[in-house]
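What you are looking at is a predicted structure, and each value in this text was computed from that prediction instead of being measured. We name chains A, B, ... by the order of the sequence lines, and we start the count at 1 in each one.
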Amino acid sequence: VSGATREDRILGIVQRTRDRQARFRDERITMSHGAGGKASQSLLEGLLLPALGNEALAALGDAGTVSVKGVALALSSDSFVVTPIRFPGGSIGGLAVNGTVNDLAVSGARALALTLSLVLGEGLEAAELRAEIDAVARAAELAGVQVVSGDTKVVERGHADRMYVCTTGLGLIDPRSSLSPSGLSPGDRIILSGTVGDHGMAVMLARDEFSLEADIRSDTHSLWPAADALLAAAGSDLHCMRDPTRGGVASALNELARASGVGALVRESDVPVAPAVAGAAELLGIDPLYVANEGKLLAFVAPRSAERALGALRAVPGCGLAVEIGEVISEPQGMVLVETAFGGRRVMDLLAGDPLPRIC
Amino acid sequence: VKFVQEFRDAELGRGVAGQIRSLVESGSHYKLMEVCGGHTHSIYRYGIDGLLPPEVEFVHGPGCPVCVLPMGRVDDGIAIAREPGVIFTCFGDMMRIPGSRGSLLEAKAEGADVRMVYSPLDALMIARQNPDRQVVFFAIGFETTAPSTALTLVRAKTEGIANFCCMSNHVTIEPPLRALLDSPALGIDGFIGPGHVATVIGAGRFQFIAEEYGKPFVVAGFEPLDVLQSVHMLLRQIASGRAMVENQYARVVPWEGNARATAVMQEVFELRPEFEWRGLGVIPRSGLKIVEAYSSLDAERRFGVPGVRIEDPEACQCGEVLKGEIKPWECKVFGTACTPERPIGTCMVSPEGACAAYYSFGRYARERGVAV
């Protein structure tokens, strides 16, 4: 067996392992399983999908689709456990509304109604709760959606960190939409609606663990106007949208590339990062492409409609910095490549867990 | 970040890459070892290897303090973390490193109070804020981080903070380099030297590599242009048949080293008779322990640790990979028994380890080799 053949054989084994559904073999849940990286993937593909698997769930979109008597609906649910509950630019109440509205929006659906479940810790101050319910109401009004049902539970002190909020949203899939989480096609342009990393970095700094002060605000807001503009401008040439929340742009692109059996190429120098976010990320040794956003979307558009889509998106308030950051490529399948600002290329893989800062 | 942008200028980078190409003699192959994990990170982060001609190959060396930590020491740390009342603090990238039975992250999931800190002084702060708890700092790193641990211990002693202590896993850079260089099958043509370590101990301390072993050595900075320029300097030495220590990172690194940092290290630490390295085995006089005068702040003395040596698995060939003797895929367990999700050896542990990088990016890297 010649060297090259053996190397090929081994790389083949590696590739088959990567392509296989991830297995869940951990003995306990660690923080990594909630970070949106490889550990989350193994939990999803190795435990949840095998037990609950059906076509709608297996698509792994931000929302599931249900057809009721010929009407296409989108259904999405999300839990919010952010700490601290208030941070520059937003708070848990507004986040809970926007998060679910956005999961529906990037699935091509305008939110019709929300449910709101509150898990409150014993001892939570009434003023804090009132402020968060106000934030829910404001965000719902801005997004044009009503809270139509809810639930409240209180747990003993120490069992919940002040408050957790869960929202579920029902949306009507827009007739212009032909979106699919596996709809990426080689040549598609990748459009990003603005700067990356603002939300995650704002929350990280608000925790006050780093003695770093910077003027960074969360970008939490409704993405329906952006989704609406893109649907109007590109119609069926808009192949997929995703809001890159936990795990950031890097994780979202990896998930979509894997689901679609294509690759993605990102030009790092075209990705907008606010200077304060870039500075804080540099100091903390964290790549902004892995940091969470709560008011940004990625859109995958056929080349002939890309320019029109980008123009329409830029006209939406809050999306003035929208930009094309790369394109979908046919090889390597399931991988995301980055053309670095320095001119080199690298693979941008899913992280194993949280983006832990480096020491060296 | 403004002041670093000039060291990330793509056009300047292409210029240096061109100069490197002109130094490459056709038919020859250059294996350059970057000693420090920080350089490995820069090489991946900026895709530097993709800018170089295929004749130039990077070999990732033993300078990642997380990767070289043996499993037995991780087990000892976890044993302390599980002691009642302990707040166990460590750097972030230490949390996922597997011991023989799980990582600190898993110990945390089982109830241990493990917290990530950015500096040992943060750990000392936690001790001040929690006077009723024992706060332990798990110290790792080369001469780069050892002075800040030493300084923290000095401060803890001065302030009389009795609920703080430190488990030292600090190591020194010279012994593993000698161990590598003494290996008969070593296939390394030159070294990219660790810039951060050199700021403490001085570029001059690496003279032995040029004088005793006849290998070119360039102390390098961590920006992409720094790395490229260092490659250029190494190839120039190789082309002219010279072997010397050059200092590419002179804007930061002195020839003589930092006297204050060295002094505080000497006050707090002394060499252990021997220390185990993952992948390299036991190396004499390569690890730092806390001296008698600071013994009350030594976690190993305060808590009885198991101190069991866990052998690297027999099938693991990390040592040979680290020395550049074999390529990752030539290891017997690569990609089958040893994967990034379930690593056996050190090179698969950190995402920047040679094997983990090859596992994730190998196929693509080869395609690039053909395309260039």
Would one find more than 12 heavy atoms of other residues, nucleotides or ligands at under 6.0 Å from atom [atom1] of [X]?
| X | atom1 | value |
| --- | --- | --- |
| B:Arg128 | CZ | yes |
| A:Arg267 | CZ | yes |
| B:Arg21 | CZ | yes |
| B:Gln129 | CD | yes |

If I measure from the heavy atoms of chain A, does [X] come under 4.5 Å with its side chain, its backbone, both, or neither?
| X | result |
| --- | --- |
| B:Ser119 | neither |
| B:Leu228 | side chain |
| B:Cys331 | backbone |
| B:Glu11 | neither |

> Quick one: do A:Glu268 and B:Arg45 make a salt bridge, cutoff under 4.0 Å?
Replying inline: yes
> Quick one: do B:Glu106 and A:Arg28 make a salt bridge, cutoff under 4.0 Å?
Replying inline: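 So B:Glu106 does not pair with A:Arg28 through a salt bridge.
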Within this structure, what is the [atom1]-[atom2] distance for the pair [X] and [Y], rounded to the nearest 0.5 Å?
| X | Y | atom1 | atom2 | result |
| --- | --- | --- | --- | --- |
| B:Arg8 | A:Ser269 | CZ | OG | 13.5 Å |
| A:Leu351 | B:Arg96 | CG | CZ | 7.5 Å |
| A:Thr340 | B:Ile48 | OG1 | CD1 | 8.0 Å |
| B:Leu105 | A:His33 | CG | NE2 | 9.0 Å |
| A:Asp349 | B:Tyr359 | CG | OH | 10.0 Å |

> Side-chain contact, heavy-atom cut-off 4.5 Å: A:Val347 with B:Tyr44?
Replying inline: no
> Less than 4.5 Å apart, any side-chain heavy atom of B:Asp9 and any of A:Phe342?
Replying inline: no
> What is the minimum heavy-atom distance between A:Ala341 and B:Ala10, and which atoms define it?
Replying inline: O-CB, 3.4 Å
> Which atom pair, heavy atoms only, marks the closest approach of A:Ile13 to B:Gly335?
Replying inline: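 Nearest pair, atom of A:Ile13 first, then B:Gly335: CG2-O, 3.8 Å.
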> What's the verdict on side chain to side chain contact (heavy atoms under 4.5 Å, CB included) for A:Val14 and B:Phe334, showing C-alpha distance, side-chain angles and the deciding distance?
Replying inline: CA-CA 9 Å; A:Val14 170; B:Phe334 177 85; 4.1 Å; yes
>> Report which part of A:Ile29 has an atom under 4.5 Å of a heavy atom belonging to chain B: side chain, backbone, both, or neither.
In response: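 For A:Ile29, the contact with chain B is made by the backbone alone.
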